[in-house]
Amino acid sequence: MKILEEFGRLSIILGVFLVLIGLFFYFFSKVEIQRSFLKLPRMPFDILIEKENFKFYFPLGTSIIISIILTIILNVFFKFLKK
């Protein structure tokens, strides 16, 4: 029964987190965020392809850095949650 309680608690936390992310995307979908607004430097693995009428930018390096930071934050959060 203890496993079901923990799974239920984790499901609720993940559900609230997903709702918050959904609300963020819903309300800020019409706001155009440009790179100069964020003031983030280009990372070494960011992909930028520019042609005459085409521009493709995929922030791979930035995504990796953000993923590492979020992983550390969530690990600390879940360690405090277990105590």
Side-chain angles (χ1 to χ4, degrees):
M1 291 304 241
K2 183 105 172 136
I3 293 174
L4 290 176
E5 290 174 7
E6 291 178 17
F7 182 73
R9 185 182 319 160
L10 180 64
S11 298
I12 291 171
I13 291 171
L14 289 175
V16 168
F17 182 70
L18 287 174
V19 167
L20 290 175
I21 289 174
L23 288 172
F24 175 79
F25 283 120
Y26 179 76
F27 287 117
F28 291 105
S29 65
K30 295 184 168 79
V31 176
E32 185 177 332
I33 299 176
Q34 296 181 357
R35 190 153 184 81
S36 61
F37 173 75
L38 295 175
K39 294 184 178 22
L40 294 173
R42 283 194 58 216
M43 294 292 170
F45 295 113
D46 288 353
I47 299 169
L48 176 63
I49 300 173
E50 290 186 76
K51 302 286 182 179
E52 292 177 13
N53 295 328
F54 178 75
K55 185 175 182 180
F56 176 76
Y57 179 72
F58 183 71
L60 183 63
T62 306
S63 299
I64 291 170
I65 297 296
I66 290 173
S67 175
I68 291 170
I69 291 170
L70 285 176
T71 300
I72 292 169
I73 290 171
L74 288 175
N75 279 331
V76 169
F77 175 74
F78 284 122
K79 279 196 179 209
F80 283 122
L81 189 65
K82 283 188 176 181
K83 288 185 178 183

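- Using a 4.5 Å cut-off between side-chain heavy atoms of Ile, Leu, Val, Met, Phe, Trp and Tyr, with links allowed through other members, Ile73 and Leu20 fall into different hydrophobic clusters.
- Taking CD1 of Ile47 as the start and CZ of Phe56 as the end, the distance is 6.5 Å to the nearest 0.5 Å.
- The cluster map of Ile, Leu, Val, Met, Phe, Trp and Tyr, joined by side-chain heavy atoms under 4.5 Å apart, puts Ile69 and Ile72 in different clusters.
- When the shell of 6.0 Å around CD1 of Ile3 is examined, it contains 12 or fewer heavy atoms from other residues, nucleotides or ligands.
- Separation of atoms CD1 (Ile65) and CG (Leu60) is listed at 10.5 Å; rounding is to 0.5 Å.
- Considering CG of Asn75 and CG of Leu70, their distance stands at 11.0 Å, rounded to 0.5 Å.
- Note on Val16 and Phe78: separate hydrophobic clusters, where clusters join Ile, Leu, Val, Met, Phe, Trp and Tyr whose side-chain heavy atoms are under 4.5 Å apart, directly or indirectly.
- Side-chain contact check for Asn53 versus Lys51: every heavy-atom pair is 4.5 Å or farther apart.
- With respect to Ile64, the side-chain contact (heavy atoms from CB on, under 4.5 Å) criterion is satisfied by exactly one of Ile68, Thr62, Ile66: Ile68.
- In this structure a side-chain-to-backbone donor-acceptor pair under 3.5 Å is missing from Ser67 to Ser63.
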